Amino acid sequence: MSPPLLDAQGLHVGYGGKPVLIDASLQLREREVLCLIGHNGAGKSTLVRTLFGLVKPASGRIAVDGRTLDPNSPRALAAAGVALMPEGRGVFPSLTVAEIWALGLASAGIGGGERQARIDWVLSVLPPVKDFYAKRAGLLSGGQQQMVSIGRALLAQPRCLMMDEPSIGLAPKLFQDLMAPIRALQRERGMSILLVEQNVREALKVSDRVVVMKAGRIVHEAPPEALADNAALMELY
């Protein structure tokens, strides 16, 4: 059996002496959408940031395709095909979409004629961006800013896309419209997605598997249909 695409084992992270992740282990398989859910403060965003090398773990191991990587290097994770759409969108309000994506291309080391090819490809995945590509991000709606953030991550054509709370500030219909082309792309390219979400009902609709965090620990794993009723969810929370 081939190793999972992304494999995190025994991650311990703390801030100011207070534990935030406690022996957290997670595996993301190839070609799946894994949804990570849990109450506010459970450690979900810290786990994602740790998986991308933005937070240094006190101990633990992160591997891609069975190869252990430097847990403190976003560059190493990006080179292995991992991309992050951060919580809060992470767009620069004074820059245009074109400028934000240019920064994304530069940070991914993509240059020359390949740059325009990547931009054209992402615009084909998220065609509404064409209508505001030259506008400053600060003038865009929340849904438009989320498209910009997702598009920036997709410019690297990742094998693994981590999305931290993409539904923040969006109505359920807008979230569905946002995720539909991403889910279609995931199936088409065999991409893996780690989706962190508070909007559990909508997230379950696009997920293959669900893991639940509570107080810094992974406490449960199940198929989405097993968490379809409120009683099952409330017991885990």
Side-chain angles (χ1 to χ4, degrees), residues 31 33-36 45 48-49 52 54 74 78 81-208:
R31 298 177 171 270
V33 178
L34 175 62
C35 183
L36 175 62
S45 290
V48 170
R49 289 172 59 82
F52 197 62
L54 297 174
V82 181
L84 171 66
M85 191 220 85
E87 182 182 16
R89 299 159 193 158
V91 298
F92 303 99
S94 63
L95 299 183
T96 66
V97 177
E99 291 167 337
I100 291 169
W101 283 12
L103 289 175
L105 288 163
S107 66
I110 300 166
E114 181 64 16
R115 294 169 65 93
Q116 190 58 50
R118 294 289 181 97
I119 291 169
D120 291 344
W121 176 74
V122 174
L123 289 174
S124 73
V125 176
L126 299 169
V129 178
K130 296 176 185 177
D131 295 334
F132 49 86
Y133 186 66
K135 290 185 178 180
R136 297 191 186 280
L139 301 176
L140 305 180
S141 68
Q144 289 171 332
Q145 289 183 4
Q146 287 291 43
M147 287 189 208
V148 173
S149 185
I150 293 171
R152 179 179 54 194
L154 290 178
L155 287 167
Q157 295 187 340
R159 299 171 57 214
C160 169
L161 175 62
M162 298 192 293
M163 305 176 71
D164 194 358
E165 303 278 12
S167 74
I168 285 180
L170 303 183
K173 177 62 166 61
L174 281 177
F175 178 61
Q176 293 168 10
D177 292 344
L178 184 69
M179 288 303 299
I182 305 304
R183 182 59 155 152
L185 178 68
Q186 180 265 331
R187 287 171 169 157
E188 175 189 331
R189 295 180 63 89
M191 186 169 61
S192 298
I193 295 177
L194 175 59
L195 176 63
V196 178
E197 258 306 324
Q198 288 286 349
N199 191 336
V200 177
R201 290 290 167 221
E202 296 304 322
L204 294 182
K205 295 177 183 178
V206 297
S207 301
D208 301 308

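Atom set for the values below is all heavy atoms of this structure, side chains included, hydrogens, waters and symmetry mates excluded. The model shown is predicted, which means the values in this text are computed figures rather than measured ones.
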Subject >> Side chain to side chain, I193 and V206, heavy atoms closer than 4.5 Å >> reply: no

**OP:** With sequence neighbours left out, write down each residue that passes side chain to side chain donor-acceptor pair (under 3.5 Å) with Q176, or none if nothing qualifies.
**Re:** E202

**OP:** Can you sort out the partners of R183 under salt bridge (Lys or Arg N to Asp or Glu O under 4.0 Å), two or more places apart, ordered by chain and number?
**Re:** D208

**OP:** Please collect all ring-ring contact (aromatic ring centres under 6.0 Å, His included) contacts where either partner lies in residues 144-195, sequence neighbours excluded, each pair once.
**Re:** none

Original post:
Which atom names give the shortest non-hydrogen contact between L161 and A153, and what distance separates them?
Top reply: CD1-CB, 3.7 Å

Subject >> Closest non-hydrogen atom pair between M162 and V48, with its separation >> reply: CE-O, 3.9 Å

Subject >> Under the side chain to side chain donor-acceptor pair (under 3.5 Å) test, residues paired with N199 that sit two or more places apart >> reply: none

Subject >> Under the side-chain contact (heavy atoms from CB on, under 4.5 Å) test, residues paired with A78 that sit two or more places apart >> reply: none

Subject >> Any donor-acceptor pair under 3.5 Å from R159 side chain to S192 backbone >> reply: no

Subject >> Heavy-atom pair with the smallest gap, counting every atom of A137 and I100 >> reply: CB-CD1, 3.7 Å

Subject >> salt bridge (charged side-chain N to carboxylate O under 4.0 Å, His left out) partners of residues 165-174, not counting sequence neighbours, each pair once >> reply: K173-D177

**OP:** Specify the closest pair of heavy atoms between I110 and L155, including all atoms of both residues, with the distance to one decimal.
**Re:** CD1-O, 3.6 Å

Original post:
Does some side-chain heavy atom of L185 sit less than 4.5 Å from a side-chain heavy atom of L154?
Top reply: yes

Subject >> Sub-4.5 Å side-chain heavy-atom contact between E87 and V196 >> reply: no

Original post:
If you round to the nearest 0.5 Å, how far is CG of L139 from CD of Q144?
Top reply: 10.0 Å

**OP:** Scan residues 125-146 for pairs that pass salt bridge (charged side-chain N to carboxylate O under 4.0 Å, His left out), counting only residues two or more places apart or in two chains.
**Re:** none

Original post:
Can you name the nearest heavy-atom pair linking Q145 to G138, along with the distance?
Top reply: NE2-CA, 4.3 Å

Original post:
Please walk me through it: do V125 and I150 pass side chain to side chain contact (heavy atoms under 4.5 Å, CB included)?
Top reply: CA-CA 10 Å; V125 176; I150 293 171; over 6 Å; no

Original post:
Can you find a heavy atom in the side chain of P86 that is under 4.5 Å from one in the side chain of D164?
Top reply: no

**OP:** Apply side chain to side chain contact (heavy atoms under 4.5 Å, CB included) to the pair V129 and V122, showing each step before the final yes or no.
**Re:** CA-CA 9 Å; V129 178; V122 174; over 6 Å; no

**OP:** Please round to the nearest 0.5 Å and tell me the distance separating atom CE of M191 and atom CD1 of I182.
**Re:** 6.5 Å

Subject >> side-chain contact (heavy atoms from CB on, under 4.5 Å) partners for P74, two or more places apart >> reply: F52, L54

Original post:
Nearest heavy-atom pair of L178 and Q146: which atoms, and what distance?
Top reply: CD2-CB, 3.9 Å

Subject >> Inter-residue atom distance E197.CD - S167.OG, 0.5 Å rounding >> reply: 3.0 Å

**OP:** For residues 100-159, pull every pair meeting ring-ring contact (aromatic ring centres under 6.0 Å, His included), keeping only residues two or more places apart or in separate chains.
**Re:** W101-Y133

Original post:
Between OG of S141 and CE of M147, what distance do you get to the nearest 0.5 Å?
Top reply: 7.5 Å

Original post:
What is the distance from atom OG of S207 to atom CG of L194, rounded to the nearest 0.5 Å?
Top reply: 9.5 Å

**OP:** Could you tell me the separation between the CE atom of M163 and the CG atom of L84, rounded to the nearest 0.5 Å?
**Re:** 10.0 Å

Original post:
With F92, which residues qualify under ring pair (Phe, Tyr, Trp, His ring centres under 6.0 Å), at least two apart?
Top reply: none

Original post:
Within a reach of under 6.0 Å around CZ of R31, are more than 12 heavy atoms found that belong to other residues, nucleotides or ligands?
Top reply: no

Original post:
Who passes side chain to side chain donor-acceptor pair (under 3.5 Å) against D120, sequence neighbours left out?
Top reply: Q116

Subject >> With sequence neighbours excluded, residues passing side chain to side chain donor-acceptor pair (under 3.5 Å) with E188 >> reply: none

